[in-house]
Amino acid sequence: MKLIIKNLTKSFDTKKVLQNINFTFEKGKIYGLLGRNGAGKTTFFNCLNEDLEVDSGEFYIEDKEKRELDYDDIGYVLSTPNVPEFLTGREFLKFFIDINEDKIKNKKTIDEYFDFMKIDTEDRDKLLKDYSHGMKNKMQMLVNIIANPNILLLDEPLTSFDVVVAEEMKEMLKSIKKDHIIIFSTHIMELALDLCDEIVILNHGTLELIDHTNLNTKQMKNKIIEALKEE
């Protein structure tokens, strides 16, 4: 399965944020999307999720045959988690599972999902309003994983986690990548190098794949820095 983007352009008034993007993302890989603050990473995600209307271009899935993306194809984990704070963690998961029951494959129990995301037993029946930012982010990521979309868009998902939880989340993402296209937006280069199979730079409104063939880690960092300096 591939996500193919052709000639994607998006402007705000006279500012061109995305300029004629052409790129192919493949299933089974985690792509690190790097760019300086304001480079357009979130705009790119919002276009793919159809929260923003593009000016021109197209994007589609190629899997045996070409088809347009539909609502169930994309899971979007926002940098600022959006959860119903009047529900407990357990109530939220039950509600989400109930309304998506026909779509969920290999359904597990609620506690098995909590275990998978390493959410402590004592936190499962707390109101979401009492969860930390990182815990809310975990819940947002969990419901997207339960939905099992073909494409996961992760907008700075690990910045709110402590070191231990961030490592747990990285291992979790590595464990599920074979079934998804995962695009991981971050401004932390070391995180992208540690987690991702491919590094993509959003530079001057276009996407550039960094060729890491025959590069050691230091050379890779230098190449990324030079690309970002060109912004």
S.K.: Taking 4.0 angstrom as the limit, do Glu91 and Lys94 come out as a salt bridge?
M.R.: no
S.K.: Can you get from Phe92 to Phe86 by hopping between Ile, Leu, Val, Met, Phe, Trp and Tyr side chains that sit under 4.5 Å apart?
M.R.: yes
S.K.: Are Thr9 and Asn20 close enough that a side-chain donor and a side-chain acceptor fall under 3.5 Å?
M.R.: no
S.K.: To the nearest 0.5 Å, tell me how far Leu153 CG sits from Leu3 CG.
M.R.: 8.5 Å
S.K.: Got more than 12 heavy atoms from elsewhere within 6.0 Å of CD, Glu122?
M.R.: yes
S.K.: Look at atom CG of Asn82 and say whether more than 12 heavy atoms of other residues, nucleotides or ligands are closer to it than 6.0 Å.
M.R.: no
S.K.: Considering all heavy atoms of both residues, which atom of Phe116 and which atom of Leu142 are nearest to each other, and what is their separation?
M.R.: CD2-CD1, 4.4 Å
S.K.: Do NZ/NE/NH1/NH2 and the carboxylate oxygens of Asp179 and Lys105 come within less than 4.0 Å?
M.R.: no
S.K.: Under 4.5 Å between side-chain heavy atoms, counting indirect links through other Ile/Leu/Val/Met/Phe/Trp/Tyr residues: same cluster for Leu8 and Phe12 or not?
M.R.: yes
S.K.: Looking at every non-hydrogen atom in both residues, tell me the closest pair between Thr88 and Asp125 and how far apart they are.
M.R.: CG2-O, 3.4 Å
S.K.: Is the charged tip of Lys136 near the ring of Tyr131: under 6.0 Å from the six-membered ring centre and within 45° of its axis?
M.R.: no
S.K.: Could you walk me through whether Phe96 and Glu101 pass the side chain to side chain contact (heavy atoms under 4.5 Å, CB included) test, one step at a time?
M.R.: CA-CA 8 Å; Phe96 182 83; Glu101 189 168 10; over 6 Å; no
S.K.: Using the rule given for side chain to side chain contact (heavy atoms under 4.5 Å, CB included), can you reason through Val17 versus Ser11, listing the C-alpha separation, both sets of side-chain angles and the distance that settles it, and then say yes or no?
M.R.: CA-CA 5 Å; Val17 180; Ser11 299; over 6 Å; no
S.K.: Count I, L, V, M, F, W, Y as connected when their side-chain heavy atoms are under 4.5 Å apart, and connections chain through other members. Are Ile97 and Val143 then in the same cluster?
M.R.: yes
S.K.: Atom OG1 in Thr43, atom NZ in Lys41: separation rounded to 0.5 Å?
M.R.: 10.0 Å
S.K.: Please check this pair: side chain of Asp73 against backbone of Asp70, looking for a donor-acceptor N/O pair closer than 3.5 Å.
M.R.: yes
S.K.: Given the side-chain rings of Phe25 and Phe23, with only the six-membered ring counted for Trp, is the space between their centroids under 6.0 Å?
M.R.: yes
S.K.: Do Tyr76 and Asp51 meet the criterion of a side-chain donor-acceptor pair at a distance under 3.5 Å?
M.R.: no
S.K.: So, taking the atom named CG in Asn137 and the one named CG in Leu78, what distance separates them when rounded to the nearest 0.5 Å?
M.R.: 9.0 Å
S.K.: Between Glu156 and Ser79, what is the shortest heavy-atom contact and its length?
M.R.: CB-CB, 4.1 Å
S.K.: For the pair His180 (side chain) and Pro149 (backbone), establish whether a donor and an acceptor sit closer than 3.5 Å, ignoring hydrogens and angles.
M.R.: yes
S.K.: About how many Å separate CE of Met1 and CD of Glu26, when rounded to the nearest 0.5 Å?
M.R.: 10.5 Å
S.K.: Out of curiosity, Phe59 CZ to Ile151 CD1, how far, rounded to the nearest 0.5 Å?
M.R.: 9.0 Å
S.K.: Are the charged groups of Lys29 and Glu198 less than 4.0 angstrom apart, N to O?
M.R.: yes
S.K.: The test is salt bridge (charged side-chain N to carboxylate O under 4.0 Å, His left out); show your working for Asp55 and Lys16 and say whether it passes.
M.R.: CA-CA 10 Å; Asp55 298 336; Lys16 287 189 175 181; over 6 Å; no
S.K.: So, Asn7 and Asn22: side-chain donor and acceptor under 3.5 Å apart, yes or no?
M.R.: yes
S.K.: Which is it for Asp123 and Arg90 under the salt bridge (charged side-chain N to carboxylate O under 4.0 Å, His left out) test, yes or no, and what are the steps along the way?
M.R.: CA-CA 9 Å; Asp123 292 325; Arg90 188 179 300 278; over 6 Å; no
S.K.: Compare all side-chain heavy atoms of Asp63 with those of Lys2 and state whether any distance is below 4.5 angstrom.
M.R.: no
S.K.: Is atom NZ of Lys170 surrounded by more than 12 heavy atoms (other residues, nucleotides or ligands) closer than 6.0 Å?
M.R.: yes
S.K.: Hey, any chance Ile30 and Ile176 share a hydrophobic cluster, counting ILVMFWY side chains that come within less than 4.5 Å of each other, even indirectly?
M.R.: yes
S.K.: Applying salt bridge (charged side-chain N to carboxylate O under 4.0 Å, His left out) to Arg124 and Asp115, what does each step give before you reach the verdict?
M.R.: CA-CA 10 Å; Arg124 300 176 184 184; Asp115 290 342; 2.6 Å; yes
S.K.: For the atom pair CG (Asn203) and CZ (Arg36), what is the distance rounded to the nearest 0.5 Å?
M.R.: 9.5 Å
S.K.: Within a reach of under 6.0 Å around CD of Glu53, are more than 12 heavy atoms found that belong to other residues, nucleotides or ligands?
M.R.: no
S.K.: Can you find a pair of side-chain heavy atoms, one from Lys138 and one from Val165, that are under 4.5 Å apart?
M.R.: yes
S.K.: Starting from Phe95, can I reach Leu128 by hopping between I/L/V/M/F/W/Y residues whose side chains sit under 4.5 Å apart?
M.R.: no
S.K.: Is Lys6 atom NZ crowded by more than 12 heavy atoms from other residues, nucleotides or ligands, each under 6.0 Å away?
M.R.: no
